[in-house]
Amino acid sequence: VFVASTLINMYIKCGSMEDAWGVFNKMPTRNMVSWTAMIFGLVKCGQGQKALELSQHMLEQGVEPDTFTFVAVLNACASLGSLEEGRRAHEQIRSREWMSDIYICNCLIDMFNKCGSIEDAWGVFDKMPTRNAVSWTTMIMGLLKCRQEKRALELSQQIPWTTLEPDAGIFAVVLKACTSLEALEEGKQVHERIIKLGFESDLLVGSSLVDMYAKCGTMEDAWRVFSKIPKHNVIPWTSMILGLVKSRQGKKALELFQHMQEQGVEPDAFTFVGVLNACASQTSLEEGRHIHEQIIKRGWEYEVFISSSLVDMYGKCGSIEEAWRVFSKMPTQNVISSTAMIMGFVKCGQGEKALELFRRMQLEEMEPD
RNA sequence: UGCUAAGACGCAGGAGC
């Protein structure tokens, strides 16, 4: 049983659910670990419903679940966004008196967040006898996701730093809370703590700091942290590029993009959106076309965010024909791309076409905002 | 009483006005 359970786990980690099933089905006896491993596997490959069914099946077979099993079940509920299933699992957990388990509580908070019930999440968080870094991170993240930024920042300020073992994740989310309100002062205090605890050059924490400073418009601070991150990936580069655009330094943003590529860092879709913003802000049509070519080369022309940015860029650079060429070929147009297109028409004095597109938008039941 | 097999939670960058 131990060997088979390990095999199941290995197949799941390698992404082969079929092989895992093969082993599971051939097992003469299965224990809680083998069932739990399978439930996790189903959740990981997006089969939340099947995962719940399997856990039901497990109970029917008289196999007693443990806390690991319920972590898997809660993950399944979260992936389905099913508050009803989640509450049912919560009930079972209470009746088994597992509410003192920190993993269980953390998963409950995360599940309730993902099922859209921040108050259920709060109910769990508030009653926890002890909380760790994950508990705080998960709760603050939940508040941020449902746009309660102020509450998130207030909660961040209640973190018991002296008794908590911090990790990169908690710093990342606290900085995100500061960023969401452009609370630079609070952010700088967190930064001091980060330096004191030696997390500044951590990729995750450093990137969060760069992004915070970039969004708050203090590019000197962003630079300072950026240069201290030893192994940059594309994320902090993108934050820097967007920060420069936001601070009206589009030219520098384009230079930085150039520099990034010279360093052998591959841009991704996020980066291109930033770079297109830079071109738009500079109205540099030539540069924009050049970027467009690079996007085509990668086959990303019709990713929603990219197409909208292309439409916006061409519109702002006054090349309405090229804007239209991209817009008309978009697989799915939305309010944002349509608005960008309308603005383009307006900018070049084609008000009639703008109105025509507006009418067509409504015919296609696109809700204007 | 202790040790001994297998499965566990959260976290960084993006489009129009």
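Values in this document were obtained by computation on a predicted structure and should not be read as measured data. Reminder, nothing fancy here: chain letters follow the sequence lines and each chain counts from 1.
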Which nucleotide in B:A15, B:G16, B:C11 has an atom nearest any side-chain atom of A:V273: B:A15
Quick check for you: among B:C17, B:A12, B:G7, whose closest atom lies nearest to any side-chain atom of A:M343? B:C17
Residues A:S309, A:D312; criterion side chain to side chain donor-acceptor pair (under 3.5 Å); working and verdict: CA-CA 5 Å; A:S309 299; A:D312 178 56; over 6 Å; no
Select one nucleotide: of B:G14, B:G16, B:C11, the one nearest the side-chain heavy atoms of A:L242. B:G14
When hydrophobic residues are tied together by side-chain contacts of less than 4.5 Å, even through go-betweens, does A:L244 share a cluster with A:V273? yes
Select base, sugar-phosphate, or nothing to describe what A:T138 touches, counting heavy atoms under 4.0 Å on all strands. sugar-phosphate
A:K316 side-chain proximity, nearest of B:C17, B:G14, B:A8: B:C17
Nearest-neighbour nucleotide for the A:V71 side chain, B:G14, B:G7, B:A8 considered: B:A8
Given the side-chain rings of A:F257 and A:W237, with only the six-membered ring counted for Trp, is the space between their centroids under 6.0 Å? no
Does A:N277 contact B:A15 through a side-chain donor or acceptor facing the base, at a distance under 3.5 Å? no
Nearest-Å distance, NZ (A:K13) to P (B:G7)? 6 Å
Quick note, ring pair (Phe, Tyr, Trp, His ring centres under 6.0 Å) partners involving residues 168-192 of chain A, not counting sequence neighbours, are A:W161-A:F171, A:F171-A:F199, A:H191-A:Y213
Given the structure, check if the side chain of A:N334 and the base of B:G16 hold any donor-acceptor pair shorter than 3.5 Å. no
When you get a sec, tell me which of B:G7, B:A12, B:G16 is the closest nucleotide to the side chain of A:T339? B:G16
Pair of N/O donor and acceptor under 3.5 Å linking B:A12 base with A:S207 side chain: yes
Which nucleotide sits closest to the side chain of A:S309: B:A15, B:G10, B:C11? B:A15
Which part of the nucleic acid, if any, lies within contact of A:T6, taking any heavy atom under 4.0 Å across all strands shown: a base, the sugar-phosphate backbone alone, or nothing? sugar-phosphate
A:D268 side, atom CG; A:I235 side, atom CD1 - distance, nearest 0.5 Å: 7.5 Å
If I take atom CH2 in residue A:W237 and atom P in nucleotide B:G14, what distance separates them, rounded to the nearest angstrom? 18 Å
In whole angstroms, the gap separating P of B:G13 from NZ of A:K176 amounts to 3 Å
Stretch residues 103-115 of chain A: residues that reach within less than 4.0 Å of RNA chain B through a heavy atom: A:Y103, A:N106, A:C107, A:D110
Interatomic distance, A:C146 atom SG to A:N113 atom CG [nearest 0.5 angstrom]: 7.5 Å
Quick one: which of B:G13, B:A8, B:G7 gets closest to the side chain of A:K215? B:G13
Do you know which two heavy atoms are closest between A:A72 and A:V43, and how far apart they sit? O-CG2, 3.8 Å
Starting at CG of A:D268 and ending at P of B:G14, how long is that distance when rounded to a whole Å? 11 Å
Under 4.0 Å between any heavy atoms, over every strand shown, what does A:S34 touch: base, sugar-phosphate, or nothing? Just pick one. nothing
Euclidean distance, A:I159 CD1 relative to A:L164 CG, rounded to 0.5 Å: 7.0 Å
Any donor-acceptor N/O pair under 3.5 Å between B:G13 base and A:S239 side chain: no
For B:A15, does the base pair up with any side-chain atom of A:S308 as donor and acceptor (N or O, under 3.5 Å, distance only)? yes
Residue A:L203, side-chain atoms from C-beta onward, closest of B:A12, B:G14, B:G16: B:A12
With the side chain of A:V134 defined as its heavy atoms from C-beta on, choose the nearest nucleotide among B:G10, B:G13, B:G7. B:G10
Heavy atoms only, 4.0 Å cut-off, all strands: where does A:A4 land among base, sugar-phosphate and nothing? nothing
Decide side chain to side chain donor-acceptor pair (under 3.5 Å) for A:N9 and A:T6; before the verdict, give the C-alpha distance in whole Å, the side-chain angles of both, and the deciding distance to 0.1 Å. CA-CA 5 Å; A:N9 190 38; A:T6 310; over 6 Å; no
If I take atom CE in residue A:M139 and atom C1' in nucleotide B:C9, what distance separates them, rounded to the nearest angstrom? 15 Å
Between atom NZ in A:K347 and atom P in B:C17, what is the gap in whole Å? 8 Å
Distance, rounded to the nearest Å, where A:I170 contributes CD1 and B:A12 contributes P: 14 Å
Starting at atom CH2 of A:W136, determine the distance to atom P of B:C9, rounded to an integer number of angstrom. 22 Å
